[in-house]
Amino acid sequence: MEPVDTVLSLATPERVRFRFRLAGPLVRALAWSFDLVIRGIVLMAFGVVAAVVGVTGETVAGLGAGVLFVFIFLLDWGYGAAFEWATGGQTPGKYVLGLRVVRVDGGRPTGGAFILRNLLRAADGLGFGAVGFLSTSLDPMFRRLGDLAAGTVVLCESGSARPAVVVLDPPITEEERLALPSVVAVQPDHLQVIEALLARRARLSAGRLEELAAIVAPALQASTGVVGASASRTVALVWARATGRDRA
Amino acid sequence: MSRRTELIRAREPAWRELERALDRGARTGSDWAQLSEGYRAVCADLARARSWGAGEEVVLYLESLAGRAHGVLYGARPRASVNLLRLVLADAPREIRASGWLFWAAFFMFYGPLVLGTVTALIEPTLAERVVPVEQLDSMLDAYSGSEVGREAGEDFTMTGFYVLNNVGIALRCFATGALAGLGPVFYLVYNGLVLGTVQGYVIAMGAGSNFITFVSGHSSWELTAVVVSGAAGLRLGLAIVVGQGAAGVASRLDAVRREGPALLRMVAGAAFMLFIAALIEGLWSASMVPAPVKWGFGLVQWFVVGSWLWFGGRRS
């Protein structure tokens, strides 16, 4: 049974199943705000250029203002579609927050889908975005009206960094090695849990790591006889001995 | 050595390679070959990671990597070219004709209130003030009651740009709000028709009709038709949402909307094209010093051009 989660599960013709993490309304609003700031800065820069060039004469000033209006129009209506189409689903804001627009089946959307979902921003934006917020909140896949019409979803790609090999850090001391029992037997699924904890070490504060390790350390200590300087060290030493990494 | 370590040690370079290939994007045939090979290998890694119990972290990473590669391999081709000329000259008018009664529904929703507003304001100008604020009416009147209509060249360009921003924006909004069960276009069509009609009737009743008609004659054909077309596209979107029945027959609401998507875009492209032309004419021609009768003649020709475009565009004889 799948647990209830903000996850889109997908099976491919190769019979591979993967899960996509869906992006919720808040993180999407954040990406949108980021894009808004970028658009504002670009527009201001363009406005300054138009004003400076406009000093040279009235006709040029009028032309500059006209081009500025067209530019505002293009930014308003074309920014999202152009970036998403060029990058395969990411505006700068989405890139920063690790979001991506894909088809409901995980594929890259067509150019038309990108245009349609961005045109419908005008509907989603009604009531200061209330329509879009309501739609994303009600839909199980967090889709706004534009996504529903274009058949797209927004995924969250961040938080799945390339995994690194777990190492015993700091390396085992001579003292610790001598204190280790010759055979340490840990059930494979327990070893998995331990390794998952150690793999996350870099992203945990020292205190939190200690807290988590303290949950399993007493039981491990009792069953294997390994005693480390701290709970996390005990866990690390058990792992190292059981996987043979203490001899590295 | 744990299986997790074994898997990462053996496969990490390949994962890195696939990540780089995805960032680069596939262009040549060998890019695609590399991508598909990398994708299949990562799928195998994913299966291995799951059955070996390499840990949630590894599985999550591989799922996201395989998912990305899958999206690129099975997704739409990134640089499918669009023939803009064909889209605008053939596909758009064909699609507008295909929308049938919805076009006429939008037509009457717009021109009905327009005629009503015009006639009302002509007969009883004080009623116009109840529809449009009197300051706005007066400023419109001011704009058309001058004896000359000429503008500086610079101002021409400014106004052209402004018309693109404002008018195309209104049309796109008129279409997009069709997603609200078609209510958006109904509002935009009726409201804009009524306001335009009222202003027109008021300006004519106050004796500035000749200037007004001279000014709008050139671009009105393109602009008004574009409003109707974008409204029709919005209604079509709304109908697909409410009834769940697209041109292709009965379907679920979501499927109906998705199936209508490309057709709707073709209609919107047609409306945007018309408004672009309207903005050019309105900015560069309508306020120029050309004698009034020439402008009237030009305006009449434009109605024929718009009509022929709608009627003949994309027809195979």
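Order of the sequence lines fixes the chain letters, A, B, ..., with proteins taken first and strands second; residue numbering starts at 1 for each chain.
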Report the distance from atom OG of B:Ser64 to atom CZ of A:Arg19, rounding to the nearest 0.5 Å.
11.5 Å
So CG of B:Asn166 and CZ of A:Phe69: to nearest 0.5 Å the spacing works out to 9.5 Å
Which atoms of A:Val70 approach chain B - backbone, side chain, both or neither, heavy atom under 4.5 Å:
both
Does A:Arg201 CZ have over 12 foreign heavy atoms under 6.0 Å away?
yes
How long is the gap from CG on B:Asp23 to OG1 on A:Thr87, to the nearest 0.5 Å?
11.5 Å
With a 4.5 Å cut-off on heavy-atom pairs, point out which of B:Leu264, B:Leu73, B:Val168 contacts chain A the most.
B:Val168
Side chain, backbone, both or neither of B:Leu172 within contact of chain A (heavy atoms, under 4.5 Å):
both
Specify which of B:Glu63, B:Glu19, B:Arg173, B:Arg258 makes the most heavy-atom pairs with chain A at under 4.5 Å.
B:Glu63
Is B:Arg50 close to chain A through its backbone or its side chain, or both, or neither, when contacts mean heavy atoms under 4.5 Å?
side chain
When only pairs under 4.5 Å are counted, which of A:Val102, A:Val16, A:Asp76, A:Val67 shares the most heavy-atom pairs with chain B?
A:Val16
Which atoms of A:Leu145 are under 4.5 Å from chain B, going by heavy atoms: the side chain, the backbone, both sets, or neither?
side chain
Comparing A:Ala150, A:Pro109, A:Gly66, A:Gly151 against chain B, the one with the most heavy-atom pairs below 4.5 Å turns out to be A:Gly66
Here the pair of heavy atoms bringing A:Phe73 nearest to B:Gly169 is CE1-N, 4.1 Å
Heavy atoms from other residues, nucleotides or ligands near OH of A:Tyr95 exceed 12 (cutoff 6.0 Å):
no
Point-to-point distance, once rounded to the nearest 0.5 Å, from CG of A:Leu116 to CD of B:Glu260
11.0 Å
What part of B:Leu7 is in contact with chain A, defined as an atom under 4.5 angstrom from a non-hydrogen atom: side chain, backbone, both or neither?
neither
Quick one: what part of A:Asp105 sits under 4.5 Å from any heavy atom of chain B, side chain, backbone, both or neither?
backbone
Top of A:Val193, A:Leu191, A:Leu148 for chain B proximity - count of heavy-atom pairs under 4.5 angstrom
A:Leu148
Shortest non-hydrogen contact between B:Phe175 and A:Leu119, atoms and distance:
CE2-CD1, 3.9 Å
Heavy atoms of other groups near A:Trp32 CH2, more than 12 under 6.0 Å:
no
Quick check on A:Leu10 against chain B: is it the side chain, the backbone, both or neither that has a heavy atom closer than 4.5 Å?
side chain
The interface call for B:Ala47 against chain A, heavy-atom contacts under 4.5 Å, is neither
Where do A:Leu120 and B:Ala179 come nearest, in terms of heavy atoms and distance?
CD1-CB, 4.2 Å
With a 4.5 angstrom heavy-atom cut-off, could you sort out which part of B:Phe276 is near chain A: side chain, backbone, both or neither?
neither
Which atoms of A:Arg100 approach chain B - backbone, side chain, both or neither, heavy atom under 4.5 Å
side chain
Measuring heavy-atom distances to chain B, does A:Arg143 have an atom under 4.5 Å in its side chain, in its backbone, in both, or in neither?
side chain
Please check if atom CD in B:Glu37 has more than 12 non-hydrogen atoms from other residues, nucleotides or ligands closer than 6.0 Å.
no
In terms of heavy-atom contacts, A:Gly112 and B:Leu265 come closest through O-CD1, 3.1 Å
